[in-house]
Amino acid sequence: MNIVYVELDRCIACHNCERACLFYKSERRSGSTANIFVSVDMDQRRILAGTCLQCENALCMAVCPVDALTRDPLTSAVVVNADVCLSCGMCTIACPYGYMHLDDSSRRATKCDLCGGDPRCVQMCMADALHFDDIQSLVERRKKHPHLQVGLRAVPDSRDAAA
């Protein structure tokens, strides 16, 4: 399964990924909140970025009382059916990474759906910090370049260092 992952050392916090996500969502009339997040921690002097990890055992899917979350058969992304979503917020509570949220305008659950297999955020990343590839490519990249801060989580931690 392909996922979006970030090369933290390359991200320059330009927010192009967020803008691309918002623009694509507005074209599809599917919300007004970006599904990729970039923030700058000035105290720690680091940039934080992340998006849905498309978990194999997605807790957001497990807790949805109306089965509004399903897995796309082509991309394996967890997708939200906004017409079924009750806006209860259970999925937002269940997501251990905080990437599931309620859209600001529709108040329906929303998350990265990988843009149908062609993520706009990756296309628009001018620093080439975002990658859309199989999880195995992330492992290989880390083996070849152990000094790189490449990971799945928004903040690198000890689990990111062990590859």
*Could you give all pairs that pass the ring pair (Phe, Tyr, Trp, His ring centres under 6.0 Å) test and reach residues 25-83, with sequence neighbours left out?*
F37-H101

Drop me the distance from [X]'s [atom1] to [Y]'s [atom2], to the nearest 0.5 angstrom.
| X | Y | atom1 | atom2 | answer |
| --- | --- | --- | --- | --- |
| C125 | E7 | SG | CD | 9.5 Å |
| L130 | N16 | CG | CG | 10.0 Å |
| Y99 | C60 | OH | SG | 13.5 Å |
| I93 | L59 | CD1 | CG | 12.5 Å |
| M100 | C52 | CE | SG | 6.5 Å |
| S137 | K144 | OG | NZ | 10.0 Å |

*Mind checking side-chain hydrogen bond (donor to acceptor under 3.5 Å, both in side chains) for Q136 and listing every partner two or more places apart, or none if nothing turns up?*
E140

_Under a 3.5 Å threshold, yes or no: a donor from one side chain and an acceptor from the other, between T110 and K25?_
yes

*Polar side chain donor-acceptor pair, S32 to D104, under 3.5 angstrom*: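 Note: S32 and D104 side chains miss the donor-acceptor criterion.
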
*Considering all heavy atoms of both residues, which atom of V78 and which atom of A58 are nearest to each other, and what is their separation?*
CG2-CB, 4.0 Å

*If every non-hydrogen atom of I36 is compared with every non-hydrogen atom of C21, which pair is closest and at what distance?*
CG2-CB, 4.3 Å

*Group every Ile, Leu, Val, Met, Phe, Trp and Tyr by side-chain heavy-atom contacts under 4.5 Å, then state whether I47 and M42 land in the same group.*
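Yes, same cluster.
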
*Would D41 and S39 satisfy side chain to side chain contact (heavy atoms under 4.5 Å, CB included), going step by step from the backbone distance to the final call?*
CA-CA 7 Å; D41 181 346; S39 64; over 6 Å; no

*How would you list, by chain and number, every residue that makes a salt bridge (charged side-chain N to carboxylate O under 4.0 Å, His left out) with K111, sequence neighbours excluded?*
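Applying salt bridge (charged side-chain N to carboxylate O under 4.0 Å, His left out) to K111 gives none.
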
Please check: side-chain N/O of [X] versus main-chain N/O of [Y], any donor-acceptor pairing under 3.5 Å?
| X | Y | result |
| --- | --- | --- |
| E18 | V38 | yes |
| R10 | A127 | yes |
| R71 | S76 | yes |
| D72 | A77 | no |

Under 3.5 Å, sequence neighbours excluded: what are the donor-acceptor pairs made by side chains of residues 80-89?
unit_1 : atom_1 : unit_2 : atom_2 : d
N81    : OD1    : D83    : N      : 3.0
S87    : OG     : R107   : O      : 2.6
S87    : OG     : R108   : NH1    : 2.9

*Scan residues 126-139 for pairs that pass salt bridge (Lys or Arg N to Asp or Glu O under 4.0 Å), counting only residues two or more places apart or in two chains.*
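Sorted result for residues 126-139: empty, none.
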
*asked:* A quick test of your reading: do over 12 heavy atoms of other residues, nucleotides or ligands sit less than 6.0 Å from CE of M124?
replied: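 No - once you tally the heavy atoms of other residues, nucleotides and ligands closer than 6.0 Å, there are 12 at most.
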
*Before giving the answer on side chain to side chain contact (heavy atoms under 4.5 Å, CB included), spell out for Q54 and V4 the whole-Å C-alpha distance, their side-chain angles and the decisive distance to 0.1 Å.*
CA-CA 9 Å; Q54 311 300 340; V4 173; over 6 Å; no

*So do the side chains of M61 and D67 get within less than 4.5 Å of each other, counting heavy atoms only?*
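No. Closest side-chain heavy atoms not under 4.5 Å.
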
Anything under 3.5 Å between a donor and an acceptor, one on a side chain of residues 112-119, the other on a protein residue two or more places apart or in another chain? List them.
unit_1 : atom_1 : unit_2 : atom_2 : d
D113   : OD1    : C115   : N      : 3.0
D113   : OD2    : R28    : NH1    : 3.3
D113   : OD2    : R28    : NH2    : 3.1
D118   : OD1    : Q123   : NE2    : 2.7
D118   : OD2    : Q123   : NE2    : 3.0

